[in-house]
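Start at 1 and go down the list; that is how both ligands and their atoms are numbered. All values below come from the heavy atoms of this structure, side chains included, with hydrogens, waters and symmetry mates left out. In this chain, numbering begins with 1 at the start of the sequence shown.
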Amino acid sequence: MTQAAARSDALTPLRLLPAVDQVLKAEAARAALERHGRQATTAAVRTAIDERRAALRAGAGGPASAEEIAAAALARLDAAAMPSLRPVFNLTGTVLHTNLGRAVFAEEAVAAATRAMRSAVALEYDLDGGRRGERDDHVRNLICELTGAEDATLVNNNAAAVLIVLNTLSQGRPAVVSRGELIEIGGAFRMPEIMRRAGAELCEVGTTNRTHARDYRDAITPATGLILKVHTSNYRIEGFTAEVPARELAQIASAGGVPLVNDLGSGTLADLARYGLVHEPTVKEAVAEGADIVTFSGDKLLGGPQAGFIVGRRELVARINKNPMKRALRVDKVRLAAIEATLRLYSDPDRLAERLPTLRYLTRSAEDLAAQAARLAPLLAPILGAGFSIQPEPCRSQIGSGALPLETLAGVGLAIRARDGSGGRIARLADALRRLPVPVIGRIDDQALVLDLRCLEDEAAFVASVTALEGAHELA
Ligand SMILES: *Cc1c(COP(=O)(O)O)cnc(C)c1O
């Protein structure tokens with residue numbers, strides 16, 4: 001550019017905008033180049049310059065320096081590079097929250113999964129014989145020891161377990177199920193639909209509230225594929241009710257020459273009563289009661305990764321494994337490694353409540369939670385500002401994912417209220433907390449935002465995240 005041209009350009013602020021090359025030399029641009037690479041940085045710088053130019057044309061703002069434009073480009077790149085699936089603080093009070101990823105893995109499971117990701121593993125390779133092996137070999141013995149079952153296999157999740165079991169044992173044949181157990185678990189999983197998709201003929205018996213042994217007996221014909229028992233995990237029928245206990249159902253099935261399949265849902269491998277919680281049917285009990293096949297989830301009370309466990313009689317598990325669907329539903333090496341490590345923790349029940357996060361959260365005492373609430377309330381009060389009150393309050397958490405739906409656990413949370421009682425302000429605060437770099441997710445309860453502390457372990461990280469809350473004073 002000649003000096004004369006430069007002089008005339010200087011008259012228009014538009015021309016004062018730095019060129020792309022200049023901006024790329026700014027300090028923020030060097031950081032952007034380092035983090036995001038040349039192509040993305042150059043594009044972001046161009047966009048930032050274009051935006052400034054548009055703003056100037058619209059009469060908004062003045063000229064910008066290369067450093068300012070580079071900073072704008074960097075901020076945009078950083079924001080876009082933020083992972084979509086990122087950690088949040090689950091302060092909802094629901095320990096196994098399906099929308100928040102259910103169980104948090106034990107450190108042992110994290111380490112095992114990471115090792116499996118970094119390296120080749122003997123996934124389907126028998127190291128003793130140098131022959132082909134099976135991926136189930138890594139966990140079969142562990143599962144059988146913990147459940148008392150003869151054999152076991154794993155699939156993608158419990159919905160998949162139910163699907164492949166029904167398809168293998170009851171395709172084109174009636175599957176007998178009580179009308180009181182035709183459950184829906186979250187929109188997409190409805191037992192009658194899964195049964196049909198599996199190719200089974202739905203053979204409903206009994207009524208919504210009462211099903212008797214004779215209902216099952218009368219329904220069995222030579223064509224029957226199986227009897228299905230479903231643990232009504234997410235609701236309870238009370239009052240004038242009758243159901244056939246699994247043990248009796250096992251006898252009816254055996255007399256009729258058909259297998260009994262028990263879908264436990266959130267089956268647990270440890271007796272929760274041992275840890276001061278309400279007893280939830282264990283897989284071992286379901287097997288001992290005579291079910292031929294039991295299915296349950298990996299990421300509910302078991303406290304591991306998403307997976308579906310199928311345990312039971314050897315010849316039935318062998319048939320399930322031969323179903324071509326198995327290939328479509330199998331688990332990968334990363335999850336398998338995490339499952340194996342999680343299962344191993346169960347062999348030391350004394351330390352299970354320390355090592356398995358799900359159980360650790362569920363067994364936290366109200367006193368422990370109260371002490372944590374008392375530590376945190378005075379740290380958060382100044383961040384929230386004068387417009388909000390915050391105080392420790394008793395609250396009740398739930399297990400979630402359908403387990404023991406009517407049982408709640410006494411705990412303590414932080415209750416935040418707008419001093420003027422405005423629900424709109426509380427909603428805006430909840431919104432701002434969800435937008436933090438590490439989002440904080442609480443629950444709104446009668447004009448208060450309740451932060452249930454049951455699943456909060458890293459207090460320092462939590463305080464650091466909330467400290468980034470900008471404009472809380474404006475919300476107030
Ligand atoms: C949760 C549940 C399922 C589905 O299990 P996923 O692991 O979510 O696929 C099936 N049956 C019952 C009884 C359940 O509680």
Quiz item: Can we say E108 and R355 salt-bridge, meaning some charged N sits less than 4.0 Å from an Asp/Glu carboxylate O?
Solution: yes

Quiz item: Is any side-chain N of the basic residue among E315 and R319 closer than 4.0 Å to the acidic one's carboxylate O?
Solution: no

Quiz item: I227 pairs by side-chain contact (heavy atoms from CB on, under 4.5 Å) with which of D292, V177, I220, V244?
Solution: I220

Practice problem: Look at ligand 1 and say whether M191 reaches it with a heavy atom at a distance under 4.0 Å. | Solution: no

Quiz item: Under the criterion side-chain contact (heavy atoms from CB on, under 4.5 Å), which of N262, I183, V261, V162 is the partner of V230?
Solution: I183

Quiz item: Among the heavy atoms of T98, does any lie under 4.0 Å from an atom of ligand 1?
Solution: no

Quiz item: Going by the atom numbers of ligand 1, which of them fall below 4.0 Å from some non-hydrogen atom of S297?
Solution: 5 (O), 6 (P), 7 (O)

Self-check item: Atoms in ligand 1 flagged as close to F189, the criterion being non-hydrogen separation under 4.0 Å
Solution: 10 (C)

Practice problem: Would you sort out whether D431 and R428 count as a salt bridge (Lys or Arg N to Asp or Glu O under 4.0 Å), showing the intermediate values? | Solution: CA-CA 5 Å; D431 187 59; R428 284 200 295 283; over 6 Å; no

Quiz item: R102 heavy atoms, cut-off 4.0 Å: which ligand 1 atoms fall inside?
Solution: 6 (P), 7 (O), 8 (O)

Self-check item: Polar proximity ligand 1 side, G265 side, N/O cut 3.5 Å exclusive
Solution: no

Quiz item: Could a heavy atom of D263 be found less than 4.0 Å from some atom of ligand 1?
Solution: yes

Quiz item: Any idea which atoms of ligand 1 are less than 4.0 Å away from a heavy-atom of K300?
Solution: 1 (C), 2 (C), 3 (C), 5 (O), 14 (C), 15 (O)

Quiz item: Of the listed options (N158, N157, T232), which comes nearest to atom 10 (C) of ligand 1 when hydrogens are ignored and any heavy atom counts?
Solution: N158

Quiz item: Just heavy atoms, cut-off under 4.0 Å: does I183 contact ligand 1 by side chain, backbone, both, or neither?
Solution: side chain

Quiz prompt | Check against side-chain contact (heavy atoms from CB on, under 4.5 Å), C395 and R443 | solution = CA-CA 11 Å; C395 65; R443 67 166 186 267; 3.8 Å; yes

Quiz item: What are the atoms of ligand 1, with element, lying closer than 4.0 Å to any heavy atom of H231?
Solution: 13 (C)

Quiz item: Taking non-hydrogen atoms only, is Q306 closer than 4.0 angstrom to ligand 1 via side chain, backbone, both or neither?
Solution: neither

Self-check item: Reference residue V95; test side-chain contact (heavy atoms from CB on, under 4.5 Å); the match among L359, I399, L362
Solution: L362

Quiz item: Looking at A159, which atoms of ligand 1 are within less than 4.0 Å of one of its heavy atoms?
Solution: 4 (C), 5 (O), 6 (P), 9 (O)

Quiz item: What heavy-atom pair brings R313 and I293 nearest, and what distance separates the two atoms?
Solution: N-CD1, 4.5 Å

Quiz prompt | R335-N156 side chain donor-acceptor pair, cut-off 3.5 Å | solution = yes

